[in-house]
Q: 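Supplied in structure tokens, the structure appears directly below.
The first residue of the sequence shown is numbered 1, and numbering continues consecutively from there.
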Amino acid sequence: MTETTEVTMTVPAVRLSTAPEINRPDVHTVYMSHWFVDGAAQGRAVLDEIVDAWERSPWFEGVLSLSCYLSTEHDTVLTYAQCANDDVYRPFLRSLPAGPARTEPIAYRPHRSVVRDPAAGTPGTVALASFDVDGAECQRRIVGTVVNHLESAPAEDQEGLIAAHFHLSVDGTRVMNFAEWTSDEAHAAFLDGATRRRSLRLSLDTPGVRPIGFKRYHLHRSLGA
């Protein structure tokens, strides 16, 4: 006799007017998906299709939020989903209508954060910087190195930085810095500063770590359970 597991549903999703709370204490796993699009119109249409599918579907217990982003270059879309455990996200995806809402994600664990301005409000932009790494030890080493540098760097070199949230991929191959900024202009100024140049040099000099680059995104739509 086959044993079946009952899946508990929640109430329908609620539209959010703000960005997700990255440091919310009940988040265990974050699922990120991104892919290329041909311009802003297609990007927004894809994201609307995803959000509409999630909004129409009963959420499995443990699915906490979905946030969708369009890159400032209008060539990439990103979905960022928070879950309370590892058991619900992929079964929930399989319950959604076929299409972009069922895109296979990469699973990450929230690891460490540097919070510079907790009272800043909703970020104007999010900059995602990613690293290719050789295993869990390298993941933790590069995060510790960059966090120590950010915490000791002059505040004027990081003006506009709200918080930098470091995520470790479950498979040990990636580190993602999900950095919240007040504006695109603030992040662009940071890129020209000494703190960013030093952070990049530290990354390049860390064995088993290869910086991939960064991309800026604006929040398109967000849902919460």
Side-chain angles (χ1 to χ4, degrees), residues 19-20 22 27 29-40 43 46-47 67-82 100 103-114 116 123-151 153 157-158 160-181 184-220:
I22 305 301
V27 175
T29 309
V30 170
Y31 296 89
M32 297 190 217
S33 300
H34 70 275
W35 58 98
F36 294 111
V37 292
D38 186 17
V46 167
L47 293 177
S67 298
C68 294
Y69 297 83
L70 176 64
S71 71
T72 56
E73 297 169 318
H74 300 152
D75 62 356
T76 310
V77 294
L78 167 77
T79 60
Y80 182 98
Q82 297 172 309
T103 299
E104 185 68 17
I106 297 176
Y108 291 86
R109 300 269 194 263
H111 181 56
R112 293 182 66 180
S113 294
V114 177
R116 283 298 192 189
T125 192
V126 170
L128 267 68
S130 54
F131 305 83
D132 178 63
V133 299
D134 296 337
E137 183 179 348
C138 292
Q139 286 179 314
R140 289 173 172 77
R141 183 187 304 127
I142 187 56
V143 172
T145 298
V146 175
V147 165
N148 290 340
H149 176 56
L150 290 176
E151 290 179 337
D157 286 354
Q158 305 172 63
L161 175 62
I162 299 172
H165 306 282
F166 293 89
H167 298 62
L168 310 182
S169 67
V170 173
D171 65 6
T173 65
R174 291 286 187 273
V175 171
M176 187 74 73
N177 176 8
F178 190 100
E180 299 173 301
W181 291 83
D184 294 332
E185 293 76 15
H187 181 247
F190 170 78
L191 295 178
D192 291 331
T195 296
R196 193 263 178 169
R197 290 194 295 271
R198 175 62 174 159
S199 294
L200 181 58
R201 176 49 54 192
L202 290 169
S203 302
L204 292 170
D205 290 344
T206 301
V209 175
R210 293 161 294 278
I212 296 173
F214 75 89
K215 189 172 283 290
R216 278 195 296 264
Y217 294 88
H218 290 166
L219 181 66
H220 179 63

Q: Mind checking what makes side-chain hydrogen bond (donor to acceptor under 3.5 Å, both in side chains) contact with H111, not counting sequence neighbours?
A: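 Counting only residues at least two positions away or on another chain, H111 forms no side-chain hydrogen bond (donor to acceptor under 3.5 Å, both in side chains).
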Q: From L204 CG over to S199 OG, what is the distance, rounded to the nearest 0.5 angstrom?
A: 11.0 Å
Q: Of the non-hydrogen atoms in L161 and A179, which two are nearest, and what is the gap between them?
A: CD1-CB, 4.4 Å
Q: Hey, mind stepping through Y69 and S71 against side chain to side chain contact (heavy atoms under 4.5 Å, CB included) and telling me if it holds?
A: CA-CA 7 Å; Y69 297 83; S71 71; over 6 Å; no
Q: Would you check, one step at a time, whether the test side chain to side chain contact (heavy atoms under 4.5 Å, CB included) holds for T125 with E185?
A: CA-CA 9 Å; T125 192; E185 293 76 15; over 6 Å; no
Q: Go through the steps to decide whether K215 and L128 satisfy the test side chain to side chain contact (heavy atoms under 4.5 Å, CB included), and finish with yes or no.
A: CA-CA 5 Å; K215 189 172 283 290; L128 267 68; 5.6 Å; no
Q: Measure across T29 and A107 and return the closest heavy-atom pair with its distance rounded to 0.1 Å.
A: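 Looking at all heavy atoms of both residues, the closest pair is CG2-CB, 4.1 Å.
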Q: Between R197 and D192, does any side-chain N to carboxylate O distance fall below 4.0 Å?
A: no
Q: Give me the atom names and distance for the closest heavy-atom approach of P211 to S203.
A: CG-CB, 3.6 Å
Q: Can you list the steps and then say if R109 with V170 is a side chain to side chain contact (heavy atoms under 4.5 Å, CB included)?
A: CA-CA 7 Å; R109 300 269 194 263; V170 173; 3.7 Å; yes
Q: I'd like a table of donor-acceptor pairs (distance under 3.5 Å, sequence neighbours excluded) in which one partner is a side-chain atom from residues 144-151, with atom names and distances.
A:
from, atom 1, to, atom 2, distance (Å)
T145, OG1, R141, O, 2.9
N148, ND2, G144, O, 3.1
H149, NE2, T195, O, 3.1

Q: Sequence neighbours excluded, which residues qualify as side-chain hydrogen bond (donor to acceptor under 3.5 Å, both in side chains) partners of H220?
A: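 Per chain and number, H220 pairs via side-chain hydrogen bond (donor to acceptor under 3.5 Å, both in side chains) with D48.
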Q: Would you check if the distance from the ring center of Y80 to the ring center of F178 is below 6.0 Å?
A: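 Here the rings of F178 and Y80 have centres that are less than 6.0 Å from each other.
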Q: Nearest 0.5 Å, what's the NE2-CG distance between H165 and N177?
A: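 Separation between the atoms: 9.0 Å.
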Q: Partners of L191 by side chain to side chain contact (heavy atoms under 4.5 Å, CB included), sequence neighbours excluded?
A: H187, R196, F214, R216
Q: Answer yes if the side chains of D38 and H74 hold a donor-acceptor pair under 3.5 Å, and no otherwise.
A: no
Q: Given side chains that start at C-beta, do those of V143 and V175 come closer than 4.5 Å, heavy atoms only?
A: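 Yes, close enough: below the 4.5 Å cut-off.
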Q: Output the distance between atom CD1 (I106) and atom OG (S33), rounded to the nearest 0.5 Å.
A: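 Taking CD1 in I106 and OG in S33, the distance rounds to 7.5 Å.
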Q: Enter the distance from Q82:CD to Y31:OH here, rounded to the nearest 0.5 Å.
A: 12.0 Å
Q: Compare every heavy atom of S67 with every heavy atom of L219, then report the nearest pair and how far apart it is.
A: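 Here L219 and S67 meet closest at CD1-CB, 4.0 Å.
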Q: State, to 0.1 Å, how close V133 and R210 come at their nearest heavy-atom pair, and which atoms those are.
A: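 Closest approach of V133 to R210, heavy atoms only: C-NH2, 3.8 Å.
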Q: One pair to check against side-chain hydrogen bond (donor to acceptor under 3.5 Å, both in side chains): H218 and D184. What are the steps and the verdict?
A: CA-CA 9 Å; H218 290 166; D184 294 332; 3.0 Å; yes
Q: Taking all non-hydrogen atoms of both residues, which atom of I212 and which atom of F131 are closest, and how far apart?
A: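 The pair with the smallest heavy-atom distance is CD1-C, 3.9 Å.
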Q: Quick one: list whatever passes side chain to side chain contact (heavy atoms under 4.5 Å, CB included) with D171, sequence neighbours left out.
A: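 Expected list: S169, T173.
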Q: Enter the distance from I22:CD1 to E180:CD here, rounded to the nearest 0.5 Å.
A: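 Atom-to-atom, I22:CD1 and E180:CD are 5.0 Å apart.
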Q: Distance from L200 atom CG to D205 atom CG, nearest 0.5 Å?
A: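 That separation rounds to 9.5 Å.
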Q: Checking P110 now: which residues fulfil side chain to side chain contact (heavy atoms under 4.5 Å, CB included) with it, not counting sequence neighbours?
A: V27, V30
Q: Give a yes or no on whether the ring-centroid distance for H34 and Y217 is below 6.0 angstrom.
A: no
